[in-house]
2 protein chains.
Amino acid sequence: MKKYSAPSHSSQNCAESRRAIQDTLEIINGKWKLIIIITLSSRPYRFKELSREIGISPRMLSKELQDMEVNHLVTRTVLATKPISVEYALTKYAETFREVLDAMKNWGMKHRDHIIHGAAV
Amino acid sequence: MKKYSAPSHSSQNCAESRRAIQDTLEIINGKWKLIIIITLSSRPYRFKELSREIGISPRMLSKELQDMEVNHLVTRTVLATKPISVEYALTKYAETFREVLDAMKNWGMKHRDHIIHGAAV
DNA sequence: CATACTGGTATACTTTATGTAACTGCTATC
DNA sequence: GATAGCAGTTACATAAAGTATACCAGTATG
């Protein structure tokens, strides 16, 4: 009987922070974006090569790479090879994302310790 | 005909980093966890109060709060009020998560600028 | 000319996430 | 004793995410 509608409060900059965090979340959300970023951070990959490397179907890979291109995280370069090939590489801009990944990595490792060694709350 | 199975590479600490990042990702993954953390960061809330505040159904809220309790991010305290009430609050431990949120917030804001003002890649 | 490689797309399907509605057990108030 | 509030739970329905399989157009090789 009840509808659960949008929040009524939201002071201005609180909402802005939330939006920023949500934006960032979308960059790495889902099963694949993170591993794609990490894989491409070692070197550029071709489409099929990347697909085989991380075990993702072409359908998903195509979609994910398109998202990441829109967000300026990867570049798509068509190479004039015998059978045409396409190279995907992280942009220089993508390096700015490392701060976020580092923060997540550090916290994640501490958290695993915290939960395993069962500290008090 | 082809199966897309697990990766074959994965140098040791690379895999460890990835796992840590994935762990962190799970903490904030989904539609609600983030806004719950942000809302509770101002003050403790009771169950229904929180439900109304952010517009989440009791079903989802219950599930999310349980997850977060397991991860030591919130505490659940039963209060001896006339109709019983239960207070949810962020733990002190949850404050350590602020580093991650801040990194995400900063990057998210820069990223919005970057995309809107259409800088070169 | 069949085979195999390239970078994908199309379709159908399963699984997971989220939403909706109704219901429980308790207490207080009208 | 009917109504309403609290803190949830349960069963069911839909939406989103992911998987599997097949296929296309192009080029080279045997």
Side-chain angles (χ1 to χ4, degrees), chain A residues 1-7 18 22-23 25-37 39-40 43-71 74-89, chain B residues 1-7 18 22-23 25-37 39-40 43-71 74-89:
Chain A
M1 220 69 102
K2 198 79 185 305
K3 276 285 195 59
Y4 303 97
S5 46
R18 199 157 71 215
Q22 296 276 18
D23 286 349
L25 186 51
E26 286 195 8
I27 297 296
I28 42 175
N29 217 345
K31 187 171 176 180
W32 298 109
K33 294 205 177 65
L34 196 54
I35 185 170
I36 290 172
I37 292 177
T39 305
L40 288 184
R43 64 171 175 89
Y45 275 76
R46 285 173 297 99
F47 186 87
K48 284 276 186 189
E49 185 187 17
L50 184 52
S51 166
R52 280 187 296 258
E53 174 72 19
I54 67 181
I56 185 179
S57 70
R59 169 171 136 75
M60 289 303 290
L61 182 57
S62 175
K63 185 181 143 292
E64 300 292 46
L65 288 173
Q66 278 170 31
D67 287 354
M68 296 169 77
E69 218 188 329
V70 168
N71 278 308
V74 302
T75 51
R76 177 181 184 278
T77 312
V78 179
L79 303 176
T81 50
K82 328 88 172 255
I84 202 173
S85 62
V86 179
E87 192 173 79
Y88 289 92
Chain B
M1 222 68 105
K2 197 78 186 302
K3 278 285 196 60
Y4 302 97
S5 45
R18 198 157 71 216
Q22 295 276 19
D23 286 349
L25 188 50
E26 285 195 10
I27 297 296
I28 44 175
N29 215 345
K31 188 171 176 180
W32 297 110
K33 295 205 177 67
L34 197 53
I35 184 169
I36 291 172
I37 292 177
T39 304
L40 289 184
R43 63 172 175 85
Y45 275 75
R46 285 173 297 101
F47 186 87
K48 283 275 185 188
E49 186 188 17
L50 185 53
S51 166
R52 279 188 297 256
E53 175 71 21
I54 66 181
I56 185 179
S57 70
R59 168 174 136 73
M60 289 303 289
L61 183 56
S62 175
K63 185 182 143 293
E64 301 292 46
L65 288 173
Q66 279 171 31
D67 287 353
M68 295 169 78
E69 220 189 323
V70 167
N71 279 308
V74 301
T75 51
R76 177 183 184 275
T77 313
V78 178
L79 303 176
T81 50
K82 327 90 175 256
I84 203 172
S85 63
V86 178
E87 192 173 80
Y88 289 92

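Below, each value reflects all heavy atoms present in this structure, side chains not excepted, and no hydrogens, waters or symmetry copies. Treat the numbers as computed from the prediction; the structure is a model and nothing was measured.
Side-chain to base pairing of B:R59 with C:dT18: one donor and one acceptor N or O lie within less than 3.5 Å of each other.
Side-chain atoms of A:R76 lie closest to C:dG7 of the nucleotides C:dG7, D:dA7, C:dT20. Closest to the side chain of B:P58, from the set D:dT19, D:dT9, D:dA7, is D:dT9.
For D:dC6, the OP1/OP2 oxygens have no side-chain nitrogen or oxygen of B:Y45 closer than 4.0 Å. For the pair B:K31 and C:dG19, the criterion of a side-chain N or O lying under 4.0 Å from OP1 or OP2 is met. Under 4.0 angstrom from either OP1 or OP2 of C:dT9 there lies at least one side-chain N or O belonging to A:S62. Of the side-chain N and O atoms in B:Q66, none sit less than 4.0 angstrom from OP1 or OP2 of D:dA7. The side chain of B:R52 places an N or O atom within less than 4.0 Å of a non-bridging phosphate oxygen (OP1 or OP2) of D:dC6.
Atom pair B:D67:CG and C:dA17:C1' shows a separation of 12 Å (rounding to whole Å applied). Atom pair B:L79:CG and D:dG5:P shows a separation of 20 Å (rounding to whole Å applied). Going from atom CD1 of A:I84 over to atom P of C:dT9 covers 13 Å, rounded to whole Å. As rounded to whole Å, 14 Å separates atom P of D:dA16 from atom CH2 of B:W32. Between the CD atom of A:E49 and the C1' atom of C:dG7 there is a distance of 13 Å, rounded to whole Å. Rounded to an integer number of Å, the gap from CD1 of B:I56 to P of D:dT9 is 13 Å. If you measure from atom CZ of B:F47 to atom C1' of D:dC6, you get 10 Å, rounded to the nearest angstrom. The CG-P distance, from A:L61 to C:dT6, rounds to 13 Å in whole Å.
One N or O on the side chain of A:S51 and one on the backbone of A:I56 form a donor-acceptor pair closer than 3.5 Å. Under the 3.5 Å distance criterion, the side-chain polar atoms of A:T39 are matched with a main-chain donor or acceptor of A:I35.
Looking at every heavy atom in both residues, B:W32 comes nearest to B:I54 through CZ3-O, 3.6 Å. Shortest non-hydrogen contact noted between B:L40 and B:Y88 is CD2-O, 3.6 Å. Considering every non-hydrogen atom in both B:I28 and B:K33, the closest pair reads CA-CB, 4.1 Å.
DNA chain D is contacted by both A:G30 and A:K82; A:G30 maps to the nucleotide lying nearer its 5′ end (nearest heavy atom per residue). Residues A:P83 and A:K63 both approach DNA chain C. Their nearest nucleotides, taken by heavy-atom distance, put A:P83 toward the 5′ side.
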